[in-house]
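As a basis for the values below, the full set of heavy atoms in this structure was taken, side chains included, without hydrogen atoms, waters or symmetry mates. Letters A, B, ... are given to chains in the order of the sequence lines, protein chains preceding strands, and every chain is numbered from 1.
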2 protein chains.
Amino acid sequence: MSTSITIEQLKCFIAVSKEMNFRKAAKNLNMSQPPVTRHIANLEHNLKAKLYERNTRSVKLTKEGTLFLTHATEIISRIEDASKIITKNKDSMIGTVSLGFVPSMANEILPLIATHLKENLPQVKLIFKESMSFEQVEGLNTGSLDIGLTRLPKDLESFNYSRVVSEPYFLVINDDHELSKKENITVYDLHNIDFIMYDAVIGRYSFELLSSLFLNAGVKPNFVQYVSQPLVFLGLVRASMGVALLASTTKKHAPKNVTFKEIQLPGWVRSDVYLATRKQPKNNMTLQVYNNIMEALYNRIEA
Amino acid sequence: MSTSITIEQLKCFIAVSKEMNFRKAAKNLNMSQPPVTRHIANLEHNLKAKLYERNTRSVKLTKEGTLFLTHATEIISRIEDASKIITKNKDSMIGTVSLGFVPSMANEILPLIATHLKENLPQVKLIFKESMSFEQVEGLNTGSLDIGLTRLPKDLESFNYSRVVSEPYFLVINDDHELSKKENITVYDLHNIDFIMYDAVIGRYSFELLSSLFLNAGVKPNFVQYVSQPLVFLGLVRASMGVALLASTTKKHAPKNVTFKEIQLPGWVRSDVYLATRKQPKNNMTLQVYNNIMEALYNRIEA
DNA sequence: CGCAATTGATATTAATAAAGTATCAATAAA
DNA sequence: TTTATTGATACTTTATTAATATCAATTGCG
């Protein structure tokens with residue numbers, strides 16, 4: 001009774017799905033037929049789902065089988081790709097640097113970095129990886145990430161880091177909303193107001209920041225929704241589901257009837273992003289890239 | 001002498017990379033230390049590359065090791081995700097909600113629905129909940145959701161549903177890209193092209209749709225990235241990380257130098273969204289809202 | 001300098017898992 | 001009814017993997 005999916009199981013599943021015939025699949029795999037049967041059975045057991053509707057005369061993929069086939073194919077080709085990448089590029093991979101980033105950086109900062117690096121360090125191959133802040137901290141620790149564009153400065157103490165983005169929050173509001181005419185809005189105006197909040201897991205940093213803000217001010221908005229993606233915030237505000245606090249980056253995507261309104265907040269309530277890397281980089285390429293990114297972003301601040 | 005990479009090898013490699021210590025890694029894996037050594041050795045043999053610079057006093061990742069760690073982590077989590085997807089063990093959502101929607105609906109469809117319902121059924125209080133398609137199916141089953149704006153029609157057989165959005169995919173491409181000048185682009189032009197793919201979990205529907213597309217066509221793009229948010233796709237395309245296939249909704253957010261180009265795809269490759277509800281609604285309010293939403297969306301199609 | 005502690009590697013043995021052989025029951029076609 | 005072909009199963013053999021005990025190498029400490 002195997003307890004985990006194995007590569008053999010996936011390979012058998014793919015082979016059988018190609019031939020729709022256990023014996024032919026076994027032949028293609030250079031093995032006899034019984035183990036193929038067993039591998040499929042074990043795989044089904046692991047997934048707690050039937051992959052084929054089969055009897056001695058016909059083999060048909062079930063819905064789950066069809067679904068799983070795409071994933072199985074993906075996994076196997078991923079494994080093969082990874083081997084090839086390592087085997088082939090053994091020597092030429094000196095200049096690969098992996099960069100994690102939080103989603104909000106993708107729009108503006110990331111193209112800036114990519115362009116700047118292509119000009120200044122063309123020999124470096126960058127691998128970008130979209131991931132949440134705490135995943136990045138883990139990645140930096142384990143070594144799967146070289147550099148991170150991340151929030152959560154408290155977790156960053158053991159790294160080299162510096163703040164590269166610091167944006168104020170704006171009150172995002174539908175033009176129909178009662179607050180849209182008011183001047184000098186503060187956090188106290190949000191008491192009992194329908195409010196679209198960040199998802200506590202995916203948008204952990206902003207969630208905690210705004211939670212503290214409300215807690216300290218003794219303000220209790222009415223959280224109608226927990227959301228993570230910028231465009232969803234904007235859509236919901238447009239749908240008059242409530243107001244939201246968003247960093248200014250998102251401004252350019254504001255749809256009709258949605259306004260980014262200034263709101264007076266304490267100085268520490270800002271949307272900050274840090275560039276972080278290990279204190280002892282594994283190769284000096286990383287440090288070069290780090291400095292180059294800092295340069296690119298510094299130029300941006302000047303502009 | 002093993003001839004192929006195994007999952008145990010990858011798990012050992014990840015564990016050792018986390019601890020940077022064979023014995024501790026072995027403990028975490030609930031096994032003794034010698035097999036860990038062997039698995040790493042076999043993996044290195046398979047890859048024909050040293051993963052660690054190690055002696056009895058220290059363990060350090062080599063360049064190849066650093067690179068491979070990214071892939072190993074990705075592969076293992078992909079396997080786990082695939083199992084979860086099939087087993088459908090995803091926990092149900094926190095809180096109780098009424099209308100689930102996939103993120104891509106937030107921008108345009110959702111405000112439309114909210115406005116229309118506010119006019120026609122002002123007494124109904126709608127609770128929106130951003131969630132992935134398969135979470136919605138589960139929500140509909142468990143009763144935490146009344147109505148869903150969702151993909152995955154195959155899972156919807158037991159519900160009342162009808163298609164409310166059907167958009168073609170466009171090739172999203174940087175103007176510098178070699179394909180940007182080509183006419184009559186088809187899926188075959190994507191072979192070996194750097195491609196930004198949907199995340200297999202969060203963007204499961206599109207992931208599977210595009211996987212099938214490539215599988216059927218025998219085309220193998222070079223997946224450089226797995227992403228879920230529209231703005232991240234656009235940012236990465238702008239950063240020349242690769243091309244992507246996106247539904248036309250996203251078009252309006254396209255930044256500079258990024259073009260939505262027509263691509264000839266099979267008729268079944270479309271971005272479809274369905275409105276779904278239980279066949280026996282818990283209250284007749286649900287049916288009213290369902291019909292009202294259909295009405296709102298029908299008017300939109302007319303317009 | 002020397003001793004204890006800790007590290008990753010190894011040889012040997014024990015346990016486990018996988019593959020092969022032979023065979024079966026079920027089915028469809030002639 | 002017969003025959004050929006299918007996937008499943010029982011049993012045996014083989015191969016793989018893990019644990020035990022031990023080693024050599026290194027470091028830190030007094």
Side-chain angles (χ1 to χ4, degrees), chain A residues 1-47 49-62 64-66 68-69 72 76 79 142-143 280, chain B residues 1-47 49-62 64-65 68-69 72 76 79:
Chain A
M1 197 135 310
S2 62
T3 173
S4 164
I5 293 176
T6 69
I7 290 172
E8 281 72 35
Q9 287 170 8
L10 298 180
K11 283 186 174 167
C12 284
F13 176 60
I14 291 169
V16 171
S17 300
K18 258 197 191 113
E19 295 286 350
M20 282 311 186
N21 180 310
F22 280 58
R23 287 184 124 88
K24 285 180 192 167
K27 204 164 195 178
N28 292 343
L29 292 162
N30 287 318
M31 55 166 71
S32 61
Q33 169 260 319
V36 176
T37 294
R38 278 192 301 259
H39 275 143
I40 298 296
N42 288 338
L43 184 56
E44 289 181 321
H45 181 260
N46 285 332
L47 296 172
K50 268 212 162 181
L51 296 170
Y52 300 109
E53 209 63 68
R54 59 188 183 277
N55 52 43
T56 53
R57 298 306 316 168
S58 78
V59 178
K60 274 196 297 182
L61 276 166
T62 62
E64 291 82 14
T66 313
F68 189 66
L69 180 56
I76 293 299
I79 292 172
T142 61
Q280 294 99 345
Chain B
M1 200 131 307
S2 63
T3 174
S4 164
I5 292 176
T6 70
I7 288 171
E8 281 72 34
Q9 287 169 9
L10 297 180
K11 283 186 176 167
C12 284
F13 176 59
I14 290 169
V16 170
S17 300
K18 256 196 191 112
E19 295 287 349
M20 283 309 185
N21 178 310
F22 280 59
R23 286 184 126 89
K24 284 180 191 164
K27 203 164 194 179
N28 292 343
L29 292 162
N30 287 318
M31 55 166 73
S32 61
Q33 169 259 320
V36 176
T37 295
R38 271 194 310 265
H39 274 143
I40 298 295
N42 288 338
L43 184 55
E44 288 180 323
H45 181 259
N46 285 331
L47 296 172
K50 269 212 160 180
L51 295 171
Y52 300 110
E53 209 64 67
R54 59 187 183 277
N55 51 45
T56 53
R57 286 280 101 196
S58 78
V59 178
K60 273 195 298 183
L61 275 165
T62 62
E64 293 82 17
F68 188 67
L69 180 57
I76 292 299
I79 290 172

A:H45 backbone acceptor or donor facing A:N42 side chain under 3.5 Å: no

field: Minimum-distance nucleotide (side-chain atoms of B:M31 versus D:dT6, D:dA19, C:dG8)
entry: D:dA19

query: Checking side-chain contact (heavy atoms from CB on, under 4.5 Å) for the pair B:M20/B:L61: CA distance, chi angles, key distance, verdict?
result: CA-CA 8 Å; B:M20 283 309 185; B:L61 275 165; 3.6 Å; yes

field: Whole-Å gap separating C1' (C:dG8) and CD (B:E44)
entry: 12 Å

- request: Work out which heavy atom in B:K24 is nearest to a heavy atom in B:N21; give both atom names and the distance.
  value: N-OD1, 3.0 Å

- request: For A:R23 and for B:S32, find the nucleotide of DNA chain D with the closest heavy atom, then tell me which residue's nucleotide is more 5'.
  value: A:R23

- prompt: For the pair made of CD in A:E19 and C1' in D:dG7, what is the distance, rounded to whole Å?
  reply: 15 Å

query: So, for B:F68 and B:F13, which heavy atoms are closest and what is the spacing to 0.1 Å?
result: CD2-CE2, 3.5 Å

message: For a quick test of reading the model, state the closest non-hydrogen atom pair linking B:A25 to B:E19 and the distance between them.
response: N-CG, 4.1 Å

query: Tell me: NE2 of A:H39 to P of C:dA17, nearest whole Å?
result: 12 Å

- request: Can you tell me the distance, in whole Å, between the NZ atom of B:K27 and the P atom of D:dA18?
  value: 19 Å

statement: Quick note, B:V59 side chain, CB onward, closest among C:dA19, D:dG7, C:dG8 is C:dG8

query: Per the side chain to side chain contact (heavy atoms under 4.5 Å, CB included) rule, which among A:V36, A:L69, A:L51, A:N28 passes with A:V16?
result: A:V36

query: How close do A:L10 and A:A72 get, heavy atom to heavy atom, and via which atoms?
result: CD2-CB, 4.1 Å

message: Just the rounded figure in Å: distance from C1' of C:dG8 to CG of B:L43.
response: 17 Å

field: Nearest-nucleotide pick for A:N21, side chain only, options being C:dA19, D:dG7, D:dT22
entry: D:dG7

field: Atom-to-atom span, CG of B:L29 to P of C:dG8 - whole angstrom
entry: 13 Å

- prompt: Could you state the CD1-P distance from B:I7 to C:dA18, rounded to the nearest angstrom?
  reply: 12 Å

statement: Tightest non-hydrogen contact, residues A:Y52 and A:E44, listed as N-OE2, 3.4 Å

Distances under 3.5 Å between nitrogen or oxygen atoms of protein and nucleotides 27-30 of chain C:
residue, atom, partner, partner atom, Å
C:dT27, O2, A:R57, NH1, 3.4

task: Measure from CZ on B:F22 to C1' on C:dT10 and round the result to the nearest Å.
output: 14 Å

query: Could you run down nucleotides 9-15 of chain D 5' to 3' and tag each one B, S or - for protein heavy-atom contact under 4.0 Å?
result: B------

query: Can you name the nearest heavy-atom pair linking A:L29 to A:K11, along with the distance?
result: CD2-O, 4.2 Å

